[in-house]
Amino acid sequence: MTVPDREPILDVKGLHKQFPVYGPFGRLSGVRARVQAVTDVSFELREGETYGLVGESGSGKSTTARTLLGLTPATKGEVRYGKRNLTKLSREEWRAFRKEIQMVFQDPYSSLNPRKRIGTILEEPLEIHGLGDAAERKQQVFRILEIVGLRPEHYFRYPHEFSGGQRQRLGLARALIISPRIIVCDEPVSALDVSIQSQILNLLKDLQRDMKLTLLFITHDLSVVRHISDRIGVMYLGRLVEEAPTDGLFSEPLHPYTQALFSAVPDFTRGKLERRKPLQGEIPSPLNPPAGCVFHTRCPWAVDRCKREIPQMREVRPQHRVACHLVEEQADKNEPSLAP
Ligand SMILES: Nc1ncnc2c1ncn2[C@@H]1O[C@H](COP(=O)(O)OP(=O)(O)O)[C@@H](O)[C@H]1O
Ligand SMILES: [Mg+2]
């Protein structure tokens, strides 16, 4: 499933996002604190792959997605797409650029205008981007309805007439109708029943293959991320702490956080049920994240260095990057060739 030699299509470098927190009188009271939602996140999306971003609620997954899509400005960092740095695009430039990169949300219903028929809703993006004449647009909508597994008569219906799974098909149809190259899916199946989840995930996989899409797939669900991803990035408290091809990550999670996260699900892959050390304590506040390694307050192996020094992401196995002093030290001892 790995795609080691593909070209990067999107290159995220040192992305930071802070949200100001105001006092009781809003902006008048001035900034009281800053939420560190995303801190120094770097990864690349490779052409045609599915990159899964996983982590507990509040770890900064949605903010990462929204920032790289220009829905909220980055505090610092770059998002490279070809020669362009997307964090520098103006509102106008983004409007044109949306044709290349689209987003699918957890609850498409909230973004489907309840008073408009599906046909009108799906024709809108084509109109905005000036694609085709009225007849061609209509034809295109019927085509996309079929592609996402809906029927021609759905063209005339209203959003409330659809089930959860069908609405997510509509969400996909609306994202796909202008033929983007990248789709960012934020928890697209988390609100659906398990049986419907796999239908949508399989649809997404088929679409990706047929339309040569690159996917950034965000979820807190480990079995979902494993099913869909070629590579996975693990986030904790706004930081990327580990990244690896899916098989490598599940067969050998290296970061103590990833190990703890995986211990929450029984692991049958080695022929026996195995449980790793579960996660201790609460996730710290992003208003005041721990110094050094952000995970040190919950890490069973933390040493003094972890409280002082921020570990950097380092490749300790081919394509397997991890930000942990201890893993790094181990790798240095066992495999001297990996030493800097
Ligand atoms: N608009 C906002 N204003 C202030 N804080 C925010 C805002 N959006 C998100 N946050 C905070 O940023 C952190 C990351 O949130 P989010 O990106 O939604 O995480 P996830 O998607 O992984 O659950 C959380 O602590 C959240 O409360
Ligand atoms: Mg989220």
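Just follow the structure's listing: the first ligand is 1, and inside any ligand the first atom is 1. Along the sequence shown, residues carry numbers from 1.
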Are any side-chain N or O atoms of Glu93 and backbone N or O atoms of Ser90, one a donor and one an acceptor, separated by less than 3.5 Å?
yes
What protein heavy atom sits nearest atom 26 (C) of ligand 1, and how far away is it?
Val35 CG1, 4.8 Å
Which residue owns the protein heavy atom closest to atom 24 (C) of ligand 1, what's the atom, and how far is it?
Gly58 O, 4.0 Å
Out of Phe156, Tyr155, Tyr158, Phe162, which residue meets the side-chain contact (heavy atoms from CB on, under 4.5 Å) rule with Ile118?
Phe162
If you scan protein heavy atoms around atom 8 (N) of ligand 1, the nearest is Phe19 CE1, 3.4 Å
Contact region, Thr63 to ligand 1, non-hydrogen atoms below 4.0 Å, reads both
Atom 19 (O) of ligand 1: of Gly60, Gly238, Pro289, Pro286, the nearest heavy atom sits on Gly60
Salt bridge flag under 4.0 Å for residues Glu92 and Arg95
yes
Ser59 heavy atoms within 4.0 Å reach ligand 1 at atoms 19 (O), 20 (P), 22 (O)
Is it the case that the side chains of Thr87 and Asn85 hold a donor-acceptor pair, with the cut-off being a distance below 3.5 Å and no angle test?
yes
Distance alone, cut at 3.5 Å: any donor-acceptor contact between the side chains of Asp221 and Ser223?
yes
Applying a heavy-atom cut-off of 4.0 Å, say which part of Arg66 lies close to ligand 1: side chain, backbone, both or neither.
neither
Anything protein N/O/S under 2.8 Å from the Mg ion (ligand 2)? Just list residue and atom, please.
Ser62 OG
Measuring from atom 21 (O) of ligand 1, which candidate in Gly55, Ser62, Ala65, Ser285 has the nearest non-hydrogen atom?
Ser62
Assert yes or no for the condition that the ring centre distance of Tyr51 to Phe217 is strictly below 6.0 Å.
no
Is it the case that Glu49 and Thr214 place a side-chain donor and acceptor less than 3.5 Å from each other?
no
Taking only heavy atoms of Ala37, which atoms of ligand 1 are found under 4.0 Å from at least one of them?
12 (O), 13 (C)
Taking only non-hydrogen atoms of Ser57 and a 4.0 Å limit, the atoms of ligand 1 in range are 23 (O)
Just so I know, are the side chains of Phe295 and Leu237 near enough to count as touching, which here means a heavy-atom distance under 4.5 Å?
no
Would Glu252 and His320 count as having a side-chain donor-acceptor pair, cut-off 3.5 Å?
no
So if I count the atoms of ligand 1 from 1 in the order they appear, which ones are less than 4.0 Å from some heavy atom of Glu56?
22 (O)
Less than 3.5 Å apart, any donor N or O on the side chain of Thr75 or Gln18 sitting next to an acceptor on the other?
no
Considering only protein heavy atoms, determine whether one is less than 4.0 Å from atom 6 (C) of ligand 1.
yes
Hey, is atom 12 (O) of ligand 1 touched by any protein heavy atom at less than 4.0 Å?
yes
Is the positively charged end of Lys17 above the ring of Phe19, judged by distance under 6.0 angstrom from the centroid and angle within 45° of the axis?
yes
Does the side chain of Arg181 come under 3.5 Å of the side chain of Tyr81 through a donor N or O and an acceptor N or O?
yes
